[in-house]
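First the proteins, then the strands, lettered A, B, ... as listed; each starts at 1.
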Amino acid sequence: MTETKRTTIVLFSGEYDKAMAAYIIANGAVAYDHEVTIFHTFWGLNALRKEEPVSVKKGFLEKMFGKMMPRGADKMGTSKMNFAGLGHKMIKHVVDKHNAMTLPQLIDLAKEQDIKMVACTMTMDLLGLQQEELIDDIEYAGVAAYLADAEEGNVNLFI
Amino acid sequence: MTETKRTTIVLFSGEYDKAMAAYIIANGAVAYDHEVTIFHTFWGLNALRKEEPVSVKKGFLEKMFGKMMPRGADKMGTSKMNFAGLGHKMIKHVVDKHNAMTLPQLIDLAKEQDIKMVACTMTMDLLGLQQEELIDDIEYAGVAAYLADAEEGNVNLFI
Amino acid sequence: MTETKRTTIVLFSGEYDKAMAAYIIANGAVAYDHEVTIFHTFWGLNALRKEEPVSVKKGFLEKMFGKMMPRGADKMGTSKMNFAGLGHKMIKHVVDKHNAMTLPQLIDLAKEQDIKMVACTMTMDLLGLQQEELIDDIEYAGVAAYLADAEEGNVNLFI
């Protein structure tokens with residue numbers, strides 16, 4: 001009898017390249033028959049935002065966060081050589097050129113592969129993000145749920 | 001018989017939001033009966049600095065590092081949207097508003113919960129930080145001690 | 001019979017201080033009889049570049065990446081207080097002063113200690129880096145090989 005292996009990733013970072021790394025490892029781990037959880041917290045939540053603005057009632061500060069943060073995976077900058085979005089364009093260009101997958105494609109694949117995509121409710125609250133603003137078919141949980149998965153994890157990463 | 005679970009976190013980063021994430025996970029893991037170690041190295045040491053300046057003898061470069069680095073958790077900037085400290089103010093504001101815990105409160109809680117807070121002696125030496133400049137009741141150790149904890153760890157993260 | 005322990009590190013970041021932390025932990029883990037793998041991906045690949053330019057045929061974008069990214073460990077900037085390379089100089093200065101090891105020395109030690117240094121072929125392709133441009137005696141592999149090592153790992157870190 002073989003035990004199911006498990007991979008958990010905390011996606012804290014809001015950069016395109018870091019989120020790409022997270023989703024590449026996550027999708028790869030599914031191919032290795034791992035159960036995979038990506039726990040999106042802080043700026044990593046932006047990868048789950050819908051592209052179009054969603055009308056929800058918010059306080060001033062929450063509105064400001066909402067405007068300043070990238071709306072969805074495709075809008076995220078890179079951690080290196082960003083140059084006002086140039087790094088992002090370069091990365092997307094080379095991804096296309098080499099027939100690799102873009103971040104939105106990697107996220108779609110993760111959904112198809114039943115990766116458990118979780119939004120951290122505590123940081124959603126802090127940043128003023130509401131469920132209506134995030135993509136469908138994800139789960140909502142706190143750090144306790146993350147730890148329950150991670151303590152059984154073979155590969156646990158913070159990205 | 002159940003074995004004690006263990007969580008270890010290397011806190012390398014010196015940003016308010018990343019340190020918050022580290023201490024939220026650490027305090028959460030204690031609630032799950034984990035033994036928890038936070039190993040502060042490089043810029044993560046700044047979370048352990050006393051707020052008031054401490055008079056210690058230092059070389060020029062060590063003085064410069066000392067002046068340039070934030071003195072304590074409350075002075076740390078954010079990894080995103082820092083805007084000369086604005087991000088930090090916004091985060092603190094929303095933390096207050098949502099009755100969440102600030103970083104200094106999370107650190108106090110960690111102490112109360114007997115989380116093993118370790119300062120990396122090798123990087124203290126590099127950055128010219130002396131024990132008198134760091135908060136009380138922490139431990140001092142090197143990478144070997146970290147590895148001894150981590151190799152038994154269920155959840156090991158680098159933040 | 002004791003089982004061999006294993007440490008795996010994904011080195012994603014291209015900063016001098018983060019790479020130092022990765023290599024210090026890696027070399028320390030060898031001293032603890034761990035089998036150690038460092039999987040270099042994205043900007044972490046720059047730690048493996050040869051210092052001298054290597055003449056290889058490339059497209060325009062790949063040439064641009066090649067010019068903009070640091071050529072080798074010794075050229076990498078720091079994640080904090082970089083100030084156009086000043087942070088790097090300060091770190092190197094204090095490393096010398098305290099008889100600690102520089103990043104290139106840590107990388108040499110890693111090789112001597114038979115740490116498995118892997119370059120991620122997928123991101124090499126994206127960034128247009130070719131095997132001729134990287135240092136000798138390293139391995140080339142993809143995310144699957146990383147996961148095969150990591151799922152047996154006691155300490156798995158993403159840096």
Within this structure, what is the CE-OG1 distance for the pair C/M20 and B/T123, rounded to the nearest 0.5 Å?
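One finds 9.0 Å between CE of C/M20 and OG1 of B/T123.
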
Between CE on residue B/M122 and CE on residue C/M101, distance to nearest 0.5 Å
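Those atoms lie 11.0 Å apart.
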
Taking C-beta and beyond as the side chain, do B/F158 and C/I25 meet within less than 4.5 Å on heavy atoms?
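When only atoms from C-beta onward are counted, C/I25 and B/F158 do touch, with a gap below 4.5 Å.
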
Chain C: which of B/V10, B/T8, B/I159, B/L147 shares the most heavy-atom pairs with it under 4.5 Å?
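Most heavy-atom pairs under 4.5 Å with chain C: B/L147.
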
Contacting moiety of C/K97, where chain B heavy atoms sit under 4.5 Å
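Side chain only.
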
Is a donor on one side and an acceptor on the other found under 3.5 Å between the side chain of B/N156 and the backbone of C/L157?
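Judged by distance alone, no pair lies under 3.5 Å.
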
Under the side-chain contact (heavy atoms from CB on, under 4.5 Å) criterion, do B/F12 and C/S79 qualify, and how do the steps go?
CA-CA 10 Å; B/F12 170 97; C/S79 69; 3.9 Å; yes

Non-hydrogen atoms of [X] and [Y] that approach each other most closely:
X	Y	answer
B/L126	C/A100	CD2-CB, 4.2 Å
B/E151	C/K5	O-NZ, 3.8 Å
B/A144	C/Y32	O-OH, 3.2 Å

Full working for side-chain contact (heavy atoms from CB on, under 4.5 Å) between C/D17 and B/W43:
CA-CA 10 Å; C/D17 44 348; B/W43 322 106; 2.7 Å; yes

